[in-house]
A.B. asks: 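First, the structure itself, so that you have it in front of you.
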Amino acid sequence: MGPTAANRPELAVRWLADRSIGRGDDTGVALRPGIGIALAVANETLALGSDDPGEVLELIRAIEVEIQPRWVWWDRSTADPIARGAIEIARCWDVLTVHRLLHGGWRTSIPIVWAWLHGLSIDSLPAMGQLDLLGAHGDEGDDPENPVRPDRHLRPEWSSGGWGDSPQRLGRWATLALEASQLQRRLLDERPDPGRAHSTARSESAAEFLCAELTLEGLPVDEGEAVRIIADAVGPRPTDEADAERLRARRDAEVLGHLGPGPGVDLRNPADVKAMLRRVAVDVPDTRAWRLEQHRNDHPIVEALLTWRKAERIATTYGYRWLDEHVHGGRLRGEWTSSDGAAGRMTASAGLHNLPAEMRPAVVAETGHVFVRADLGQIEPRVLAAVSGDEALIAATQDDDLYQPIATRLRVERDIAKVAVLGAMYGSTTGESANALRGLERNYPTAMGHLEQAAAAGRAGDDVFTVGGRRVRMWFDDSIDGDIDRARRVAAARGRFARNATIQGAAAEFFKVWAIIVRARAAALDARIVLCLHDELIVHSPRANAEQAAEMLHEALAEAAYRWSPSRDVRYIADVSVIERWSQAKG
DNA sequence: ATCGTAGGCGCC
DNA sequence: AAAGGGCGCCTACGAT
């Protein structure tokens with residue numbers, strides 16, 4: 001006779017306490033709504049069946065309140081239901097997220113992680129189709145209830161979902177997650193700065209859980225306002241396909257009307273557009289907006305084309321279809337991931353990270369609420385100062401505008417200094433900033449040396465590492481076909497990529513530490529993070545708590561700097577404002 | 001038909 | 001000022 005539903009949360013708490021699990025100690029967990037939940041500690045598991053998802057969440061909540069362990073799970077399949085239960089998990093370890101940190105890249109899966117951690121070849125990964133070849137008549141000891149096959153790979157029918165078929169399986173799955181995390185800890189120990197690497201693994205895991213919450217939470221959007229903006233750009237919602245076609249043709253005609261007789265032009269085909277421009281004596285290598293900008297006065301069709309492109313963007317990407325697909329109940333929702341495949345920035349779909357400025361008036365706080373918005377000032381050069389330890393650059397970070405002291409030192413205009421610093425971090429070497437770049441090399445040799453070292457590694461095809469220990473893979477274009485020019489271009493591109501990745505990646509790590517501190521503190525103010533945008537946070541807060549939230553954002557930044565910054569002396573700044581709609585942000 | 005790629009553009 | 005880095009998403013197009 002099992003425990004009754006009512007006392008199971010207490011039972012689970014006691015079970016952990018009896019095994020000396022306390023605050024911050026690892027506890028493996030796997031859950032499947034409708035099936036149950038399992039906890040795993042060093043050598044034991046507690047598997048509880050339950051068809052009541054509410055009961056399972058109650059159990060987690062009780063453990064979180066009483067013990068606050070570090071929850072160790074494989075991936076979002078366990079994190080998502082916990083986030084749906086609105087449980088404020090404080091500490092976690094997401095095996096897939098830590099794998100991305102250790103291995104680099106984004107594409108991965110549980111069987112790949114398992115194989116990699118055990119030194120098994122990815123080529124020998126079993127596919128779903130062949131599962132019975134061994135299973136039915138296979139060797140002795142090939143037990144389908146054992147998730148690990150005799151060849152030490154994970155059983156594909158488990159990793160593709162079978163892990164949640166029974167409480168017993170959940171128990172084994174939670175145990176494996178715990179095992180995987182222990183192997184990951186050993187690999188983190190081998191990083192040049194193990195303490196920092198472990199810290200990054202924890203903060204990146206927390207950021208992944210934040211992403212699970214962001215996916216559910218959504219960004220408040222006033223749908224009526226959004227419709228007004230869209231209608232303004234591309235007209236009213238088309239009634240049917242024919243109407244849509246008619247509106248499209250009308251937009252096209254605004255541009256094509258500038259042309260004399262000749263062959264038909266498809267404005268959506270760049271080659272066609274290029275040929276069209278040549279007909280009016282505008283010769284460009286490509287038709288990108290910044291290039292057309294310089295020919296704005298050469299022929300009226302250029303202006304018309306640029307306007308057409310803006311409207312086309314709204315019509316195709318941020319139009320009625322986007323609204324119908326991604327905005328529901330006044331919230332814009334997309335999928336969030338805590339690290340991209342390159343340097344580790346957060347990503348979001350549904351346009352959350354690239355909403356055009358014209359659409360931002362539609363992002364409005366709900367009744368009784370405001371947005372407390374904060375963005376980090378000049379974060380990348382400040383991070384460069386921190387990771388390189390360049391004393392002169394660290395000194396410059398004391399200024400609110402760090403480009404000013406740099407300009408003074410280089411004896412150039414402030415904007416020239418800015419371009420030079422950005423160019424150094426992005427790998428630009430040409431143009432007017434080239435002189436200033438040499439000035440940077442003389443005056444900030446440590447910082448510039450740091451960038452050059454990363455670039456050299458990239459050019460050689462070597463992976464680079466962020467200060468937090470993330471491996472950044474030089475994955476692209478390794479085909480060698482004897483084309484010297486092409487090889488040189490690829491090497492140069494890798495150099496630029498590596499140069500930027502160490503800074504962009506470190507800034508992403510710092511940003512995430514800031515974000516998870518804000519997340520943890522926002523709860524007490526009844527506030528929630530609703531958007532993370534590389535150096536910007538938007539917190540949706542009850543109006544009454546806005547001032548406290550604004551202050552909290554500054555305090556969280558100080559704490560993030562304390563926790564993350566490799567240099568104690570670098571100054572980080574944030575601009576914080578309380579606004580009702582996103583467009584009120586001073587850019 | 002379905003897929004991947006390229007050109008383009010939005011944001012940081 | 002130059003056209004350097006990242007992402008997601010659109011369309012057209014060519015290969016399969």
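Naming: A, B, ... by sequence-line order, numbering from 1 per chain.
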A.B. asks: Going by an N to O cut-off under 4.0 Å, is there a salt bridge joining A/E366 and A/R331?
C.D. replies: yes
A.B. asks: Give A/A350 one of three labels, base, sugar-phosphate or nothing, depending on what nucleic acid heavy atoms sit under 4.0 Å from its own.
C.D. replies: sugar-phosphate
A.B. asks: What is the distance from CG of A/N500 to P of C/dC7, rounded to the nearest Å?
C.D. replies: 10 Å
A.B. asks: Are the aromatic rings of A/H534 and A/F511 close, with centres under 6.0 Å apart?
C.D. replies: no
A.B. asks: Salt-bridged, A/R473 to A/D462, with N to O below 4.0 Å?
C.D. replies: no
A.B. asks: Just compare C/dG5, C/dC9, B/dC9 and give me whichever is closest to any side-chain atom of A/Q504.
C.D. replies: C/dG5
A.B. asks: Hey, which sits more toward the 5' end of DNA chain C by its nearest nucleotide, A/Q294 or A/M346?
C.D. replies: A/Q294
A.B. asks: Measure NE2/A/H295 against C1'/C/dA3 and give the value in whole Å, please.
C.D. replies: 14 Å
A.B. asks: Select base, sugar-phosphate, or nothing to describe what A/R288 touches, counting heavy atoms under 4.0 Å on all strands.
C.D. replies: sugar-phosphate
A.B. asks: For the side chain of A/A342, starting at C-beta, report the closest nucleotide among B/dC11, C/dG6, C/dG4.
C.D. replies: C/dG6
A.B. asks: Specify the separation, in whole Å, of atom CE of A/M425 and atom P of C/dA3.
C.D. replies: 17 Å
A.B. asks: Please classify the nucleic acid contact of A/K418 as base, sugar-phosphate, or nothing, using heavy-atom distances under 4.0 Å.
C.D. replies: nothing
A.B. asks: Under 4.0 Å between any heavy atoms, over every strand shown, what does A/A424 touch: base, sugar-phosphate, or nothing? Just pick one.
C.D. replies: nothing
A.B. asks: Between A/E312 and A/R268, is there a salt bridge with N-O shorter than 4.0 Å?
C.D. replies: yes
A.B. asks: What nucleotide among C/dC13, C/dT11, C/dA1 has an atom nearest to a side-chain atom of A/V419?
C.D. replies: C/dA1
A.B. asks: From the options B/dG10, C/dG4, C/dC7, select the nucleotide whose nearest atom is closest to the side chain of A/Y426.
C.D. replies: C/dG4
A.B. asks: Could you state the OH-C1' distance from A/Y318 to B/dC9, rounded to the nearest angstrom?
C.D. replies: 9 Å
A.B. asks: Quick one: the side chain of A/R345 and the base of B/dC12, do they pair up donor-acceptor inside 3.5 Å?
C.D. replies: yes
A.B. asks: Classify the nucleic acid contact of A/R313 as base, sugar-phosphate or nothing, counting any heavy atom under 4.0 Å across all strands shown.
C.D. replies: base
A.B. asks: Report yes if the distance between the aromatic ring centroids of A/H99 and A/W106 is under 6.0 Å, otherwise no.
C.D. replies: no
A.B. asks: Would you indicate what A/R321 reaches in the nucleic acid, counting non-hydrogen atoms under 4.0 angstrom: base, sugar-phosphate, or nothing?
C.D. replies: sugar-phosphate
A.B. asks: To the nearest Å, how far apart are A/L533 CG and C/dC7 P?
C.D. replies: 15 Å
A.B. asks: For a 4.5 angstrom cut-off between non-hydrogen side-chain atoms, does A/R499 reach A/Y426?
C.D. replies: no
A.B. asks: Counting the atoms with a prime plus P, OP1 and OP2 as sugar-phosphate, which does A/A271 contact under 4.0 Å by heavy atoms, base, sugar-phosphate, or nothing?
C.D. replies: nothing
A.B. asks: Of the options C/dA1, C/dG5, C/dC10, whose atoms approach the side-chain atoms of A/F497 most closely?
C.D. replies: C/dG5
A.B. asks: Roughly, in whole Å, what's the span from CG in A/L292 to P in C/dA3?
C.D. replies: 17 Å
A.B. asks: From B/dG10, B/dC12, C/dG4, pick the nucleotide closest to the side chain of A/H534?
C.D. replies: B/dC12
A.B. asks: So if I take every side-chain heavy atom of A/N354 and compare against B/dG8, B/dG10, C/dA3, which nucleotide ends up nearest?
C.D. replies: B/dG10
A.B. asks: Could you please name the option among C/dC9, B/dG8, C/dG6 that lies closest to any side-chain atom of A/T287?
C.D. replies: B/dG8
A.B. asks: Within the 4.0 Å heavy-atom criterion, would you say A/D415 contacts the bases, only the backbone, or no part of the nucleic acid?
C.D. replies: nothing
A.B. asks: Quick one: which of C/dG8, C/dG4, B/dC11 gets closest to the side chain of A/P356?
C.D. replies: B/dC11
A.B. asks: So A/A343, base contact, sugar-phosphate only, or nothing? Heavy-atom distance under 4.0 Å.
C.D. replies: nothing
A.B. asks: Expressed as a whole number of angstroms, how long is the span from A/L332:CG to C/dG8:P?
C.D. replies: 15 Å
A.B. asks: Give the nucleotide from the list C/dA12, C/dC9, C/dG8 with an atom nearest to the side chain of A/T347.
C.D. replies: C/dG8
